[in-house]
Amino acid sequence: MDGRVHTMCPASHINDLLKEPVLDLDVEVRGWVHRTRSSGKIVFDVLRDATGIIQVTIKKGNLPDMEFESAQMSHIESSVIVRGRMFKDDRAPGGYEIRASSFTLVGTSAPYPITEYQSEELLLDNRHLWIRSREQTAIMKVKASLMKGARDWLNSNEFYEVTPPIFTQNACEGGVTLFKLKYFDDQAFLSQSAQMYLEALIFSLEKVYAITPSFRAEKSRTTRHLTEFWHLELEEAWTDSKLNMEIQENLVSAMVAKAVEERSEELKLLGRDVADLKEIVPPFKRVTYAQMIDRLKQKEFEIEWGADLGAAEERAVTEDEKVPTFVTNFPRECKAFYMKEDPDDPKTVKCADLLAPEGYGEIIGGSERETDLAKLLERLEANNIPTEAYQWYLDLRKFGSVPHSGFGLGVERVVRWVCKLEHIRDAVPFPRTVARVYP
RNA sequence: GCCGUCGUAGCUCAGUCGGUAGAGCGUGGGACUGUUAAUCCCAAGGUCAUCGGUUCGAUCCCGAUCGACGGCGCCA
């Protein structure tokens with residue numbers, strides 16, 4: 001036994017056949033009809049499986065008439081099993097085709113709603129079918145590689161993967177709108193960040209991360225917001241803001257490198273030049289918020305110290321960049337209460353937003369955390385946040401508090417940037433946005 | 001929360017200066033033994049988003065509602 005789990009019977013995957021064509025034996029492939037054309041006594045099907053596509057020609061006389069007729073009848077997306085000999089043929093897309101000696105229609109398909117002309121609305125209503133498309137398939141494969149790259153890097157750097165709760169009673173930042181739900185006789189929220197739970201976990205494990213869904217009830221209508229997204233959050237004891245950024249740039253680089261290693265073809269299909277991604281190596285750029293304001297003023301933005309950076313500002317300073325940029329030391333008032341004040345510049349906090357290049361915007365928000373209980377209480381009060389639900393969090397500062405830092409990475413935001421997607425909703429198979437929870 | 005655009009056949013759209021509609025694709029039938037989003041012939045398919053107003057008459061003009069999409073703010 002090789003330890004793999006085998007499927008029902010020995011059929012080949014299309015890309016394996018294209019990589020090492022077997023021209024002298026019958027092969028069997030299983031998949032779905034991607035394109036079909038018929039011309040009297042010959043049917044051309046382009047067959048799709050999880051790995052690729054190949055043309056199949058079904059000629060009357062080469063197989064039982066019943067099977068030829070089912071080939072004629074099979075619509076796009078019918079599932080089929082085809083056996084036959086593989087031939088090199090320049091007339092076939094991809095250069096090879098299978099000439100069928102057997103054609104089994106496994107599952108018929110009703111007329112497929114997605115045709116050559118498609119509106120965004122139709123596609124989103126049929127998202128459960130649209131995800132079969134080559135482009136969407138490519139995105140999901142890249143995403144899997146990015147996540148694998150992240151886990152590989154984190155695990156080999158001795159971070160523990162932990163499992164924080166999704167039901168919570170604390171609103172992490174104070175400003176964010178949460179999904180409220182009835183929790184038996186109590187009230188709870190869907191988590192919008194696991195950060196505080198990760199902070200609690202560093203006291204036993206020191207280096208932790210979690211990959212969980214996070215939920216935001218903000219009515220954001222933009223190309224970079226989902227109401228449900230996958231959040232990669234990390235927290236590390238004995239880590240300052242500087243080391244925190246080094247972890248981030250190494251992690252992001254490892255994710256991108258894994259996608260390049262495993263999914264170059266898919267990235268090309270999506271219009272992403274892999275050469276761009278090969279430049280994503282540490283160190284990333286670092287600028288302070290104050291420097292950013294100066295730079296924006298030179299670009300004739302009307303912005304003063306103290307104002308938060310908007311989408312247009314972020315775009316203006318990153319659209320010509322090749323690597324991501326950290327923006328550090330935001331004014332205290334722009335950021336969450338738990339971020340540590342910078343002793344060298346107390347108007348600011350030791351935070352860093354990581355902005356993707358090419359104007360794709362923020363992909364990570366991180367900071368060194370405030371360890372001083374009095375300062376935390378002061379900041380909570382200044383932000384009008386009631387402290388009741390935070391008692392356990394404040395406790396962490398009473399029992400062996402240590403310097404620590406962490407961050408949250410928006411997985412779909414990274415996918416959007418790496419895959420060069422116009423909209424973040426294509427970075428997740430079933431996007432949840434303000435206007436959409438179906439399908 | 002704010003601003004904007006759109007809603008006509010299964011799909012993508014055109015159209016009617018107000019007199020109840022048309023194309024392409026798809027579907028069904030037919031032809032074709034090498035197609036590349038195949039081609040050719042025939043056919044079926046529409047309360048013109050909903051409700052109300054103006055009018056002899058509204059799919060078209062006006063208003064409201066609903067739905068979708070785009071942009072801003074907020075954040076990952």
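So you know, we letter chains A, B, ... as the sequences are listed, proteins then strands, and number each from 1.
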**OP:** Starting from the 5' end of RNA chain B, give me the residue, Asp89(A) or Arg425(A), whose nearest nucleotide shows up first.
**Re:** Asp89(A)
Original post:
Considering residues at least two apart in sequence or located in another chain, which fulfil the side-chain contact (heavy atoms from CB on, under 4.5 Å) criterion with Lys268(A)?
Top reply: Glu265(A)
Tabulate protein N/O versus nucleotide N/O from nucleotides 21-24 of chain B, keeping only pairs under 3.5 Å, one per line.
none

Subject >> Contacts of type ring-ring contact (aromatic ring centres under 6.0 Å, His included), residue Phe229(A), not counting sequence neighbours >> reply: His231(A)
Original post:
Using a heavy-atom distance cut-off of less than 4.0 Å, which residues of residues 348-366 of chain A contact RNA chain B?
Top reply: Glu362(A), Ile363(A), Ile364(A), Gly365(A)
**OP:** Answer yes if the side chains of Asn329(A) and Asp345(A) hold a donor-acceptor pair under 3.5 Å, and no otherwise.
**Re:** no
Original post:
In residues 220-237 of chain A, which residues come under 4.0 Å of RNA chain B by heavy atom?
Top reply: Ser220(A), Arg221(A), Thr222(A), Thr223(A), Arg224(A), His225(A), Leu226(A), Phe229(A), His231(A)
Original post:
In chain order, what residues pass the salt bridge (charged side-chain N to carboxylate O under 4.0 Å, His left out) check against Lys242(A), with sequence neighbours excluded?
Top reply: Glu246(A)
With a cut-off of 3.5 Å and sequence neighbours excluded, list every side-chain donor-acceptor pair involving residues 148-158 of chain A.
unit_1	atom_1	unit_2	atom_2	d
Lys148(A)	NZ	Glu262(A)	OE2	2.6
Arg151(A)	NE	Glu161(A)	OE1	3.1
Arg151(A)	NE	Glu161(A)	OE2	3.4
Arg151(A)	NH2	Glu161(A)	OE2	3.0
Asp152(A)	OD2	Lys258(A)	NZ	3.4
Asn155(A)	OD1	Tyr209(A)	OH	2.9
Asn155(A)	ND2	Arg151(A)	O	3.1
Ser156(A)	OG	Asp152(A)	O	2.9
Ser156(A)	OG	Trp153(A)	O	3.2
Asn157(A)	ND2	Trp153(A)	O	2.8

Original post:
Which listed nucleotide (A37(B), U35(B), U27(B)) is nearest to the side chain of Arg35(A)?
Top reply: A37(B)
**OP:** For RNA chain B, find the residues of residues 291-322 of chain A with a heavy-atom distance under 4.0 Å and give them by number; none if there aren't any.
**Re:** Asp308(A), Gly310(A), Ala311(A), Arg315(A)
**OP:** Just jot down the side-chain contact (heavy atoms from CB on, under 4.5 Å) partners of Asn384(A), sequence neighbours excluded, or say none.
**Re:** none
**OP:** For RNA chain B, find the residues of residues 122-136 of chain A with a heavy-atom distance under 4.0 Å and give them by number; none if there aren't any.
**Re:** Leu122(A), Leu124(A)
**OP:** Scan Pro113(A) against the nucleic acid and name what it touches under 4.0 Å (heavy atoms): base, sugar-phosphate only, or nothing.
**Re:** nothing
Subject >> C17(B) versus U12(B) - spacing of their C1' atoms, nearest Å >> reply: 26 Å
Subject >> Sequence-distant partners of Phe103(A), ring-ring contact (aromatic ring centres under 6.0 Å, His included), two or more places apart >> reply: none
Between the protein and nucleotides 40-45 of chain B, list the N/O to N/O atom pairs that are separated by less than 3.5 angstrom.
none

